[in-house]
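Working notes, structure below.
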Number of protein chains: 2
Amino acid sequence: MIKRTKGVTISQVADAAGVARSSVSRAFTRPDMLSPETVERIMRAAETLGYVPNHTARALSTGRHGNIGLIVPDIANPFFPPLIQAAQTEADRSDFCIFLGNTAENPKQEDKLVGRFAGQVEGLVLASSRLSDERIRAHATQLPLVLINRDIEGIPRVLIDSSAGVRQAVDHLADLGHRKIAYVSGPSASWSNKQRRAAIRAGASARGMELSIIPTPAPTYQAGREAVDAVLGTGASAVVAFDDLTAQGILTGLAERHIVVPRDFSIIGCDDVLGAVTFPALTSVSNHSADVGRIAISMLLDILRSRNVADVRYALDTKLVVRDTTTQAPSIG
Amino acid sequence: MIKRTKGVTISQVADAAGVARSSVSRAFTRPDMLSPETVERIMRAAETLGYVPNHTARALSTGRHGNIGLIVPDIANPFFPPLIQAAQTEADRSDFCIFLGNTAENPKQEDKLVGRFAGQVEGLVLASSRLSDERIRAHATQLPLVLINRDIEGIPRVLIDSSAGVRQAVDHLADLGHRKIAYVSGPSASWSNKQRRAAIRAGASARGMELSIIPTPAPTYQAGREAVDAVLGTGASAVVAFDDLTAQGILTGLAERHIVVPRDFSIIGCDDVLGAVTFPALTSVSNHSADVGRIAISMLLDILRSRNVADVRYALDTKLVVRDTTTQAPSIG
DNA sequence: GATTTCCATGCAACCGGTTGCATGTCAAGT
DNA sequence: ACTTGACATGCAACCGGTTGCATGGAAATC
C-alpha cells in the first residue's frame, strides 16, 4: 500500500527558509531579482521539503497555464498520430503541454470537448474539424484557435493543399492509359474531401477521362472494403481513394475478389501514411501531416505571444508518390 | 479578424443579480440551498452576461479539476486507439475529462509528462509504462495511479494476461505439425513481452517444439519487416510475433521474398487489432484493449471517490482467434 | 560625512471561485 | 405574545500562488 504525500505549499518553504512567500515565488520565477545566496537557501529548503509549485494556483494568478489543446476526429486514423507527435514536440520546445482530445468524428463530442478544454488551455488547435463554420467562429471568440484542414476566413489555418498532388495522380493514371476512373470519397463535412473531389473532377475532365464518384460513410478501412463492388460496377480500371486507409480497404476488397493489383487494377491513396505498410506498397499523394502539426502549434504559440490574431492561411503543397499499386491499364497492357 | 471576449466573473453576475458572490456560486453548485426564485434570477443574469465558471479557480479552491491523465507509449500503435476511446467514454460518464500524453516510447519523456500532468489531473493511468518500478512507485506517492499492463504490487493495475492465448497459439501451431517456431519479441521494458515470451517458452517446451527468440528494437511494422531474415534463418516454419504491428511487418517481409502465407509459412500476431485489416487476415491472440481502458478508468474513478488505494490486480483473459495466416506445416502439408 | 541611488526583500492585494459560520426572517410550536 | 427552528442569504477566510509598491540598508556620489 502506497501512501500519498500531500502538497507542500509556498508558505511552508518560506517559513523553512526564513523569507517571505513572495521571495520563494521569485526564487522560482525570477531568480535574478534575488541575491544568489537567498535563492540558494530557498532552493535548498524547497528541495528538502519536496516542494513543487502548484500549477493550478499559478495559472489562476497569471492566467497562463502553459497548456494547449489539440482536438482530432479520430486518433485511430493513421493520418493523425504523426501530426500529434510533431505537435507535441513543437509545443515541448516552448514548454507547453498538449492536451489531446478525440471526437470520434462526432460534432457534438467535439463541441463538448472544446468547451471543456477552453477553461484549461491557452489556445486550441482543431484538426479536420467536423463542426459548422458558425460553431467554430463562436469558439474562436472564446480563445485563440488554429485550424488544420479547414478554411475559414479570419481564423488562422494551415491546410494541406492536395490539388497539385491529386492532379498529378490523375495525370499519372491518364498517362498509363486509364480511361475510366473512380474516386472513393470521404466525409462530406471534410474540407479535404471537397478539395480532392474538385481536383480530381478538374483533372479527369482535362484529360478526357470518365469519372465516377463513390460515396462512403467515413474514411475507414471497412468503408473502403465495402466500396469495392460499387467501384467495380463503374467499369473503372483505376481508383483514387480519399485517404490511404480507405485505399487499404479497397486493396483487401480487390484481393478478396482475386483481382491482382496492379496488374488488373490500379489504386492510388491520399495522405501517404500507409504507403510502406501495405502490400503491394501503395501509390499515394504525399502530405505533410507532421509538418502541419508542427506549423499549427508554432502558429498558435506566436498568437499567444503577440496577443493578436492575424488572418494567416498557410497552405502546404503535395505531390504524387508512385509505388507499386499503379501500372498500365489492362486493356492496353 | 475575430475579437476575443474576456472572462465574466462571479462578482459581475452577483452585482447584476443583486446578490452576494457566494449565492452565485451556490446557484451553480448547490442550487437546492437557494430559493428557486433566486436561482432563477442568478441564472438569468449569468446567461445575459455570458458567464462561465472559471475552471482553474474552482479547481484551486476545491482541489478537484475533474481531469484524469492517460499516458501511452505510442498513439500510432493500433493497440492504443481503442483503449483511448474506451477510456474517454468511461471518463465522460462521470464527467471527467481525459488528458492524453504520448511518450514516443521514451522513458524520459514519460517522466516529464507525468510530472507535468501531476498538477492538473486528479489521477493518472499509465498504459504499458516503460518507466522503472522505482519511478512508478515514486509517482504513485504523488497522485492516484492505475497501471495498464504493468504488474507492480501495491499499485492498482489491470493486465491483459496473454498466457492462455499464447499457449493456445503454440498448441495450434503444434497441432498443425510445426516443429520449429520463432518468437519475434517486443520491447525489453514491456511487461507484456516478458509474459508472452514466458508463455511461448513454456508452451514450446511442453509440446516438444524448437523455439528461437528474435529480438526487435521496438514493436513496429518496420521492425517486423526487418526481422524476417533472422526468422527465416532459424529454419522455423511458423512465427509468433509480439504484436499485430510486428506481424504485419513480417507479413510484408515474407511477401517481398515471395513466400506465400499461409502455404509456405504460418504467422500469428498478438493483440488482435489488425486481424481484419491485413491480407490474408491475421491469426492473432485476442485482447480486450477497449475493456482495459474502460476498466482502468473506472478503477481510478473509484479510487478518487473513496480516497483510498486498494491493491487491486485485475487480469483479463485472452484466447486465440484463428484466421487465414496459419495452416499445416509445409513438410507435412 | 551627508545625500542619493540601487538592490534585495517584505507587505498586501489580487486571481475567481468555495464554504463554514453568522445573521436575519418568517412560520410553527406552546 | 415569546421562544424555537428552519431556511435563505451574506460575510469573510481560504485555496496557493504572483506582483506592484513600499521599505530599509548598503554602496555610490559629491
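Labels below follow one simple rule: chain letters A, B, ... track the order of the sequence lines, proteins then strands, and each chain is numbered from 1.
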- Query: Of the candidate nucleotides dG16(D), dT18(D), dT18(C), which contains the atom at the shortest distance from the side chain of Ala57(A)?
  - Reply: dG16(D)
Just the rounded figure in Å: distance from [atom2] of [N] to [atom1] of [X].
| X | N | atom1 | atom2 | answer |
| --- | --- | --- | --- | --- |
| His65(A) | dG16(D) | NE2 | P | 18 Å |
| Leu60(A) | dT18(C) | CG | C1' | 12 Å |
| Leu49(A) | dG16(D) | CG | P | 14 Å |
| Asn54(B) | dG17(C) | CG | C1' | 7 Å |

- Message: Using a 4.0 Å cut-off on heavy atoms, which residues in residues 111-120 of chain B reach DNA chain C? List them by number, or say none.
- Response: none
Using atom types as modelled, flag every donor-acceptor pair under 3.5 Å from a side chain in residues 11-27 of chain B to any protein atom, sequence neighbours excluded.
none

Just call it for [X]: base, sugar-phosphate, or nothing, with non-hydrogen atoms closer than 4.0 Å on any strand.
| X | answer |
| --- | --- |
| Ser25(B) | base |
| Phe28(B) | nothing |
| Thr29(A) | sugar-phosphate |

Could you check whether [X] pairs with [Y] (Lys NZ or Arg NE/NH1/NH2 to Asp/Glu carboxylate O, under 4.0 Å)?
| X | Y | value |
| --- | --- | --- |
| Arg44(B) | Glu40(B) | yes |
| Arg130(A) | Asp74(A) | no |
| Arg93(A) | Glu90(A) | yes |

- Task: Return the set of residues passing side-chain hydrogen bond (donor to acceptor under 3.5 Å, both in side chains) with Asn287(B) (not counting sequence neighbours), or none when no residue passes.
- Result: none
- Note on the structure: Each nucleotide of nucleotides 6-14 of chain D classed B (base within 4.0 Å of a protein heavy atom), S (only sugar-phosphate) or -, in 5' to 3' order, makes --SBBB-B-
- Query: Mind checking what makes side chain to side chain contact (heavy atoms under 4.5 Å, CB included) contact with Pro78(A), not counting sequence neighbours?
  - Reply: Leu245(A), Val273(A), Leu274(A)
- Query: Once you build an axis from the first five pairs and another from the last five of the helix from dG1(C)-dC30(D) to dT30(C)-dA1(D), how far apart in angle are they, to 10 degrees?
  - Reply: 50°
- Message: So Leu147(B) and Pro156(B), do their side chains get closer than 4.5 Å, heavy atoms only?
- Response: no
- Residue from Leu83(A), Leu316(A), Ile160(A), Val158(A) passing side chain to side chain contact (heavy atoms under 4.5 Å, CB included) with Asp291(A): Leu316(A)
